[in-house]
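Residue numbering restarts at 1 for every chain, and letters A, B, ... go by the order of the sequence lines.
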Amino acid sequence: MATKFYVEDLAQHVGEEVTLQGWLYNKRSGGKIKFPILRDGTGLVQGVAVKSNLSEEVFNRIDQLTQESSFVMKGKVRKEDRAPGGYELDVTDIEILKIAQEYPITPKEHGVEFLMDRRHLWLRSSRQHAILRIRHQIIKSIRDFFDGRGFTLVDSPIFTPAACEGTSTLFETEYFDLGKAYLTQSGQLYAEAAAMALGKVYTFGPTFRAEKSKTRRHLTEFWMVEPEVAFNDLNDNMDLAEDFLVYIVQSVLKNRSAELKTLERNTAFLERVQKPLPRISYDEAVDILHKKGLPFEWGNDLGGTDETVISEQFDRPLMVHRYPAEVKAFYMKRDPQNPKVALAVDVLAPEGYGEIIGGSQREDDLDLLLQRIKEHDLPQSAFEWYLDLRRYGSVPHAGFGLGVERTVSWICGLDHLREAIPFARMIYRLTP
RNA sequence: UCCGCGAUAGCUCAAUGGUAGAGCAUGCGGCUGUUAACCGCAGGGUUGCAGGUUCGAGUCCUGCUCGCGGAGCCA
């Protein structure tokens, strides 16, 4: 079988005749010269077909190619500074595979609704291609980071018997004779159990929120990675989150610069993502809001605009720790120095992208945890297994969750989360 | 759930209450270096749905449907 050639490898084949398989991205023509642009999933390359170098049949065949028709293009690779990718193919042969019907997504602009209805086709355009490749790089970096530090991947269940945090609205489904089951909103409680077994673990999977959110920062189905480490306290947790974020961003800069360029992403903010990331307390965050003249009452959670105002004071992601315990989940440990605040930490991305990480040191005392479950009016029976983790050799431990789509959205500089995932699920969108 | 905005050709958008139009896409023709190529010609419309006001409604009013943005919730 002949060697397969791909557009992204053409630089290594200058002067050689290669055969590429792909789809017609666009074409332009003069009377005696035609420029078919081939897209093969790894990149774009423009073919240069000159009438005098080809049989009339092959030359005219190019006219039949409609946008997105599949075809084989054979030609000699030539370095060409005028070409966007730096290389062109002097065409020696064209073979048509399948002529495409009239393609709905033209090289001109379209509305978001139209494109989302054709998401399965929209993925072929270069902007979406770049986003998906960066998403892949981010996911790979996440796994490489934890795998390289001795973490074990432990998958948590999607069906759960009860709300994890008791706050947000969950998707409900009938589960045989066992009553109702819910789609998970977090793998964290299971990650805690796994951390007691394996020390350093992470879960990585889809999570679901049935909130009727209609904003550019929300999806009903999104991916989250949640590390959990036995014997880590809040500071260890922040150290881990810091190393983690720096690793992800730097690996995208290093490996996906072409895609960032396609997206016209200003990488100045990304290049500044280096240790140390600033760490401020909730109290200090409130001071910033007050100095900016915003009315804000101690004890409330930070809203979207509050987060933006605070993050604008810094040139890189920042950590806000020690939130009022009242606004945080029941399992978060209180600060021994000040029981009014929880040992929680959120990481706010710059440029108004908001919260990309939320985490905490967990409550490891059985009696206090029981008390919190009562205070939050949660069914204790559903949490007995979770309480067992405090009954049998409880230790301090901490972890956090990172939202993959929000991270993709920030790193790519997107204005909506729906472009950060191949097939977005939102309140008014279940297809394609 | 609440607040605001919108729906006109396949797509993106115009149209003082007075003959519904442009660019792109599609088809045909032209061009040997095009870069969202360009030039010429052609086809293409139940103005979201249902009422109302008016001599006359894409335009004004009422209701509905669908969508978009924001708040709340959070990753």
Among B:A71, B:A75, B:A36, which nucleotide sits nearest the side chain of A:N26?
B:A36
If only side-chain N and O atoms of A:H110 are considered, is one of them under 4.0 Å from the OP1 or OP2 phosphate oxygen of B:C24?
no
Using a 4.0 Å cut-off on protein heavy atoms (strictly under), produce a 5'-to-3' string for nucleotides 40-48 of chain B with B for base contact, S for backbone-only sugar-phosphate contact, and - for none.
---------
Do A:F35 and the base of B:G33 stack face to face, with centres under 5.5 Å apart and an angle between planes under 30°?
no
Would you kindly compare A:S29 and A:R78 by the position of their nearest RNA chain B nucleotide and give the one closer to the 5′ end?
A:R78
Give a yes or no answer on whether the side chain of A:K200 reaches the backbone of A:R149 with a donor-acceptor pair at less than 3.5 Å.
yes
Once you apply the 3.5 Å cut-off to both distances, tell me the Watson-Crick or G-U wobble partner of B:G63, or none.
B:C49
Counter-base of B:C68, judged by Watson-Crick or G-U geometry with both distances under 3.5 Å:
B:G4
I want to know whether A:F222 and A:F208 have ring centres closer than 6.0 Å.
no
Choosing from B:A71, B:A36, B:G33, which nucleotide comes nearest the side chain of A:R217?
B:A71
Select one nucleotide: of B:A75, B:G72, B:G33, the one nearest the side-chain heavy atoms of A:T215.
B:G72
By the 4.0 Å heavy-atom rule, please label A:T207 as base, sugar-phosphate, or nothing.
nothing
Side-chain atoms of A:R418 come closest, of B:C68, B:G33, B:C11, to B:C68
Between A:H290 and A:F296, is there a donor-acceptor pair closer than 3.5 Å when you use the side chain of the first and the backbone of the second?
yes
Side-chain atoms of A:H218 come closest, of B:G33, B:A75, B:G10, to B:A75
Would you mind classifying the nucleic acid contact of A:R82 as base, sugar-phosphate or nothing, using non-hydrogen atoms under 4.0 angstrom?
base
Check: A:L24 main-chain N/O paired with A:R39 side-chain donor or acceptor under 3.5 Å
no
